[in-house]
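All remarks here apply to the structure that follows.
The first residue in the sequence is number 1, and the count goes up from there.
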Amino acid sequence: MANNSMWASTKSLMVVINYVNEIQLRDYRRALDAILDKSHVKKLTIIVNVPKDVDKASLPPHFLIYYNSPLDYSFMGKLKDVLLMRELEKSFDLLLWMGSLEQKVYPELKNTLFKKKVVVNDADDLYFDLQLQSNEESPVELLNFVTKTLDKIELYE
């Protein structure tokens with residue numbers, strides 16, 4: 001019998017991370033590489049929410065990462081980053097939002113089509129399909145917890 005879990009059926013994935021420092025970002029990239037090597041994911045997009053005081057140009061460039069800053073929004077709250085806007089027009093199987101939802105990109109993501117949406121370590125009763133809580137601080141341990149949990153959830157669609 002084929003595995004029809006939420007994780008096994010994910011072919012396109014968007015991960016949203018709230019930037020803390022370059023070490024945390026590097027650890028997330030390594031952890032994502034490790035779990036994706038053993039998955040069915042073919043398309044990955046990573047949005048890293050950086051604080052206003054962090055210069056996006058100083059962060060290591062990566063073709064899968066879109067750095068998102070409060071400075072990327074107009075006075076009226078409209079996203080100005082054309083490349084990220086194009087990415088948000090695509091559809092994805094799964095959204096993994098890691099951490100606080102208090103980010104300017106959150107309302108923009110609501111216009112993106114996701115089959116399933118999971119928030120980790122925050123709560124939103126209306127938008128997300130699943131809310132997970134973990135005390136793990138290490139990106140490796142946190143992502144392993146998330147993927148193992150999603151692998152236990154069978155989809156019947």
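Side chains of N68 and Y73: a donor-acceptor N/O pair is present below 3.5 angstrom, by distance only. With hydrogens and angles left out, the side-chain atoms of S100 and N18 include no donor and acceptor closer than 3.5 Å.
T112 and L88 make their closest contact through OG1-O, 2.7 Å (heavy atoms, listed as atom of the first residue, atom of the second, distance).
Under a 4.0 Å N-O distance rule, the pair K115/D93 qualifies as a salt bridge.
Residues L13 and F92 are not in side-chain contact: their nearest non-hydrogen atoms beyond the backbone lie 4.5 Å or more apart. You'll find the side chain of K116 stays beyond 4.5 Å of the side chain of F128, heavy atoms only. Residues M14 and L94 are not in side-chain contact: their nearest non-hydrogen atoms beyond the backbone lie 4.5 Å or more apart. Between I46 and L32 the shortest side-chain heavy-atom distance falls below 4.5 Å. By the 4.5 Å heavy-atom criterion applied to side chains, K11 and V41 are not counted as neighbours. With contacts defined as side-chain heavy-atom distances shorter than 4.5 Å, the pair W97/I47 does not qualify. When side chains are defined from C-beta on, L25 counts as touching V48, because their heavy atoms get closer than 4.5 Å. Side-chain contact between P60 and E22: present, with at least one pair of heavy atoms (C-beta onward) separated by less than 4.5 Å.
A distance-only check finds a donor-acceptor pair linking the side chain of H40 to the backbone of A8 [under 3.5 Å]. A donor-acceptor contact shorter than 3.5 Å links the side chain of T10 to the backbone of M6.
With sequence neighbours left out, the salt bridge (Lys or Arg N to Asp or Glu O under 4.0 Å) criterion links D122 to no other residue. Applying the side chain to side chain donor-acceptor pair (under 3.5 Å) criterion to E87, with sequence neighbours excluded, gives T45, Y66, K90. Listed by chain and number, the residues in a side chain to side chain donor-acceptor pair (under 3.5 Å) with K56 are D72 (sequence neighbours excluded). For D81, the salt bridge (Lys or Arg N to Asp or Glu O under 4.0 Å) criterion is met by no residue, not counting sequence neighbours. Under the ring-ring contact (aromatic ring centres under 6.0 Å, His included) criterion, W7 pairs with no residue, sequence neighbours left out. Taking D27 as the reference, I23, P139 meet the side chain to side chain contact (heavy atoms under 4.5 Å, CB included) condition, with sequence neighbours excluded.
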TODO: Apply side chain to side chain contact (heavy atoms under 4.5 Å, CB included) to F145 and L132, showing your working.
DONE: CA-CA 9 Å; F145 162 74; L132 299 176; 4.1 Å; yes
- [ ] Output, in order, the C-alpha distance, side-chain angles, deciding distance and verdict of side chain to side chain contact (heavy atoms under 4.5 Å, CB included) for L150 and V118.
- [x] CA-CA 9 Å; L150 296 181; V118 177; 4.0 Å; yes
